[in-house]
Amino acid sequence: MGVLSSIINGILMGGVYGLLAMGLTLIFGIMKIINFAHGAFLMVAMILSYWLWKIMGLDPYLSIIIIAPLMFLLGYLTQRFTIKPVLDAEKDVREPIGALLLTAGLAVAIENFILMVFGADYLMAKTAYSGASINISSLSISVPRLYAFVTSLVVAFLFYQFLIKTELGRAMRATGQDRGVALLMGINVSKVYSIAFGIGTALAGLAGIVLIPFYYAHPSVGAVFITKAFIIVVLGGLGSVHGALVGGLIIGLIESVAAQYMTATWTAILIYFAFLAFLLLKPSGLFGSRYEW
Amino acid sequence: MRNFITPRYYLPALMIFILLLIPLFISSPYILHIMAMVLFWAYLASAWNIVGGFAGQLSLGHGVYVAAGAYVSSLLFANIGLSPWFGMIIGGLVAALLGVIVGYPTLRLRGAYYALATVGFAEGFRVILINTTKIGSWHTGGAEGFLVPLLGDAPQHMQFMSKVPYYYLALVLLLIIVGFSFWLDRSKLGYYLTAIREDEDAALALGINTARAKLIAAALSAFFTGVGGVYYAQLIRYLEPNAIAGAIMSNQIVFLAIVGGRGTVLGPVIGGIFLTIIGEMTRILFDQVMGLHLFLYGIIVVLFVIFKPRGLIELVEKPYEKLVKMLNGRRVEGAS
Amino acid sequence: MPAKVLLELKNVTIKFGGLTAVSDLSFKLFEGEIVGLIGPNGAGKTTVFNLISGVYRPTEGEIYLNGENITGLKPFQICHRGIGRTFQVVRPFGGKSVLYNVMVGAFLRTNDTRKSREKALEVLQLVGLYNKKDVLAKNLTIVDRKRLEVAKALATEPKLLLLDEVLAGLNPAEVDEAVEMIRQIHKSGITILLIEHVLKAAMALSQRIMVLDYGKKIAEGSPEEVTSNPEVIKAYLGDNYGIA
Ligand SMILES: Nc1ncnc2c1ncn2[C@@H]1O[C@H](COP(=O)(O)OP(=O)(O)OP(=O)(O)O)[C@@H](O)[C@H]1O
Ligand SMILES: [Mg+2]
């Protein structure tokens, strides 16, 4: 593959990263919780999508209709029945971390539950377009990645519109800015949290679904993606939705460009280094506000 | 003069006595190995507790210090024959240095940001470990891991054919860290760390050099964790970067402390013992079911965070106090 | 008036972005004084405390304690040098007992746990929280939280104590009690600068009052002088606050 091709394919992957990171940053922006189970949710969606394809022959993109609402529900209920009680109990703690620990525990439980039920195999939905590519002279663009990219952008766009145009979206942003004021405005904060967590989880799920035609799923695949998502949200500014998308694209780009000059692992080290530099020097990231650190 | 024949003193003494006797009644090396691991995990959780519990800095990267202790001592042992007994000190100090290196730039980060930074450091460290096969002429094994040379029975090099010495060594380590935590809990430093956990700005206003206190805590915690890593290296004799420096190690340490009760002297010990025994039992009983034991682990953590956020210690404390009172009462009656 | 200057602010200004919260403020505090700092909401009173105690660094100007320039020192260094403060929005170590809270402060002057406990108990006696020493700080009533706030600061053995609205939210009987407590503290030789919205109490306590409006000092003098100053009446007393 030529340099340009791999760069383009890297950016395409970056779109998926962005989609995943958006869910994470949404949850943080509104609830101030780092969701360590975000990668596990992505993995669940990948596995579900795979089995729907395997058993019923359902194309992963069609399975969105089933899986996205399911993931929303999973997120909604997770917040309602596990996170909410922890947040309520920690209301007057200055730096509540119970919820963070909770999600870390959930991640372990979910991963190993999937391991128990579906085993440790590497699974990929080998659809008709899985191996396809578009070739323009020496350029070679992977079709499933292109689909994934376009879908991610469309979803990101719709999600953004939802946030700024709808009443619910406004209520969510108000809650993120100041929970107390939101309460005064008559917003049902707890419900907004559940919806935000549901949407965040659904976004992780969507990222998982668009990955499954070209990326192998296994119970701990979430770990790979969640560290990337952490890096991206810090880069883009925790809580910044467009920051997440841009951050995703940047990381996708860096990965593919750096891969031309060094081994993947040194790229990883480079990215961690950049991540730490941002966290330490500019915790607000590229697009975040200075609040809260 | 204080009376030492009260339940306050003889109950803990009794417990230590029982722990000392255990190897006399258990001959299975396998079980002794598990018991040593139980004590070892309790030790690690207590070491984490200094920074994660007392100071309230949620470190999710303590695997780094385990790895630092383990690798430093093992490399020195394999290459220049330095006894791991000395390695314990050097490994601990290197870990403490790393603790300060991680601690310094993260001083002003709070809550989730601090946690994320520790994840970043740990992951970066792990990746470096995987990709380094040599330091100078010393082989580190890279992703394949590092085999600690086996000498057979060599007490001067912390190697024993029997599991009994390992058990006792873990017990000694655990007693040391519990003693230290006990002191810390009542000392100025302990008060300062707790104040920082509760409200850092208020702590600053009371004249606490919060940066220095946090760095001291980070160094102490990393030191003890690194010493644990040295022990681990000699007990397991195989160092695998993903297992030792990865998220599994780091998270496990935190989970034990949380389930037991972070910020308390004995919480992490209780959590370490309880969860490790549960983990081992499910591993033995359902060894065909992949993932079950970690699944239960995760569920237990979740349940504790939701229903008993202060940890198991809360459940143990009251009955213990009752027992002390009851025994006290009996003694007084007996005396009259 | 006692001669020795304890604290001096020289032309202190702080800006937050476009907002000048404190503007060219200068004043002196003499050893043994009780001085009141009043002004309408948002006048910059708490910001003055944050400047003195080192939470913020002034954009311009200097702060001297006993002739030593303490501008730019960290809050803990300033506390070491003998300035204690309370927070308007109280900040107890919620999960710990009252005694524990105060011991944290007392540890500033000793490394010995027993001595720290003795000191803390002494202070608790003074502020009237002795009987609640084992209560968790988060379970205290608002009055007691304010007392605890004072106790923590007192335990650090300050020469100068900055009290930020410790009387706010108390009922009249409680205010009287607290005023008496502040007198006691003053009597023990501690210089006090207090911010108050309860004007009656501020007037009763203070030997001298400074009035702040929009970050500027608009008046200074005895309580009588200040209350008859037309500018003060315009800026402040014309507000919702009458001198009841
Ligand atoms: N850290 C900060 N960043 C930005 N603006 C600030 C900051 N701290 C204070 N301000 C602003 O400075 C002004 C003065 O605030 P300050 O809290 O000092 O008032 P105050 O006189 O104590 O009022 P109150 O009587 O309500 O307590 C306000 O407009 C406030 O919004
Ligand atoms: Mg104020």
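- Using the six-membered ring where Trp is involved, C:Phe107 and B:Tyr192 have ring planes that are perpendicular, over 60° apart on the 30 and 60° scheme.
- In this structure, B:Tyr191 has its ring center closer than 6.0 angstrom to the ring center of C:Tyr100.
- Residue contact with chain B, scored on non-hydrogen atoms closer than 4.5 Å, involves the backbone of C:Thr110 exclusively.
- Neither the backbone nor the side chain of C:Ser116 comes within contact range of chain B, judged by heavy atoms closer than 4.5 Å.
- Across B:Ala205, B:Ala195, B:Gly263, B:Ala203, the residue that shares the most heavy-atom pairs under 4.5 angstrom with chain C is B:Ala195.
- Distance check, rounded to the nearest 0.5 Å: CG of C:Asn69 to CD of C:Glu8 gives 10.5 Å.
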### Query
Do C:Leu108 and B:Leu206 pass the side chain to side chain contact (heavy atoms under 4.5 Å, CB included) test, and can you show the C-alpha distance, the side-chain angles, and the key distance before you say yes or no?
CA-CA 7 Å; C:Leu108 185 66; B:Leu206 291 181; over 6 Å; no

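- Looking at C:Phe87, only its side chain comes within 4.5 Å of chain B, counting heavy atoms on both sides.
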